[in-house]
Amino acid sequence: MTSLRNHQQRLVRIIDDFRGCPVAVYGDLVADEFLFGEISRVSREAPVLILRYRESQLLPGGAANAVNNLHALGAAPVPVGVLGKDPSGVELWRQFRAKKICLDYVERLTGYRTPTKTRFLAGSVHSSRQQVLRLDREDHFIQTQEIHDSLCRRIRAALRSCRGIVVSDYGFGFVTPEIAGLLNRDRQKKPVVLDSRYRLLDYFGLTAATPNEPEVEAALGIQIGNNLEKLEQAGRVLLKRLGLQSILITRGRHGMALFVTRQRTRHIPIYGTDEIADVTGAGDTVISVYTLALSVGASFEEAAFLSNCAGGIVVMKRGTATVSAVELKEAVRAYRP
């Protein structure tokens, strides 16, 4: 009991240290749009439902969601990215300014369309809303030598004051392994943590990565399922091939698996219930907490435990959600192995 209490007190102190900690987020800033409606009837024109529009909501997604999560935890996020001057980009800029998030390293580009994922949710007055369709409006960012050089300067400037770096690659072209490679020179002093949706194997020499199991399977061309031996092999292969110090693989209802060089694998059971409400943006929460915890001096195991708690909290919320420092402390204090 004393050991558990000491562990909980240590984790609470780490969460207290989150306040004001500056963390850079180099990534694809995305807008998550939600359109809510009630089922009216089936259309005469086609076998589809007609929804009566009720309301809409636009929230930060992708790297912008990581920024939002860091802010919700009391940290001082420093986004490095681009937004279009389209309605989605204007709204994300407005939301960040309202929260007094540093926008010195976010460029607003004419002619660039902010990647926007629109989810249509339907329900009735007597039932919960369920997602029935997703529409993605994507624009691939074009890197030029001039943009590359300018971006390198901005990243170096942003990193001077930051204690950790999130690399959030959603595949829209803004984030590149070459530019991310600049960050590993200082990784012994500042943790650099990667979340890459499609190009996990293109990166090398960062501190850590937080892929989910399907991303690991796609990268290595394997099927893991319930085979812990395959999971072990995959984690160790990725540690070596990516030159990482740790890799945290999220496994949905199976929890997480933490791999650290020259240490035994730690399997972490799911926090809370496996009756998940919505997984939208959960990966952004995990990388935010993992990076933030490492930035204030937590061990890989402590950072993984906190990330697991945060992920368990956020998947119980609808839509693109965040977790607060207060919620995370409550989860730590309520934890019973």
Is the distance from the ring center of Phe305 to that of His7 below 6.0 Å?
yes
Under 6.0 Å between the ring centres of Phe174 and Tyr26?
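Aromatic pair counts; centres sit under 6.0 Å.
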Testing the basics here: between Val296 and Cys21, what is the closest heavy-atom pair and its distance to 0.1 Å?
CG1-SG, 3.9 Å
Pairs meeting criterion salt bridge (charged side-chain N to carboxylate O under 4.0 Å, His left out) with involvement of residues 130-140, two or more places apart:
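Salt bridge (charged side-chain N to carboxylate O under 4.0 Å, His left out) check on residues 130-140 returns Glu33-Arg137, Arg134-Asp136.
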What's the separation between atom CG in Leu121 and atom CZ in Phe36, rounded to the nearest 0.5 Å?
5.5 Å
Do [X] and [Y] sit within salt-bridge range, that is, some charged N less than 4.0 Å from a carboxylate O?
X	Y	answer
Arg197	Asp169	no
Lys329	Asp16	yes
Glu91	Arg94	yes

Are more than 12 heavy atoms from other residues, nucleotides or ligands located less than 6.0 Å from atom CZ of Arg236?
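More than 12 heavy atoms, drawn from other residues, nucleotides or ligands, come within 6.0 Å of this atom.
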Please determine whether the number of non-hydrogen atoms from other residues, nucleotides or ligands lying under 6.0 Å from atom CD of Glu146 exceeds 12.
no
Do Asn65 and Leu59 have side-chain heavy atoms sitting under 4.5 Å apart?
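No. Closest side-chain heavy atoms not under 4.5 Å.
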Can you see whether Tyr170 engages Ser196 through a side-chain donor-acceptor pair at a distance of less than 3.5 angstrom?
no
Between Thr250 and Asn212: side-chain donor-acceptor atoms closer than 3.5 Å
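There is no such pair (donor and acceptor under 3.5 Å, judged by atom type) between the side chains of Thr250 and Asn212.
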Show the numbers, then the answer: is there a salt bridge (Lys or Arg N to Asp or Glu O under 4.0 Å) between Glu327 and Lys317?
CA-CA 12 Å; Glu327 289 175 307; Lys317 301 179 181 182; 2.9 Å; yes
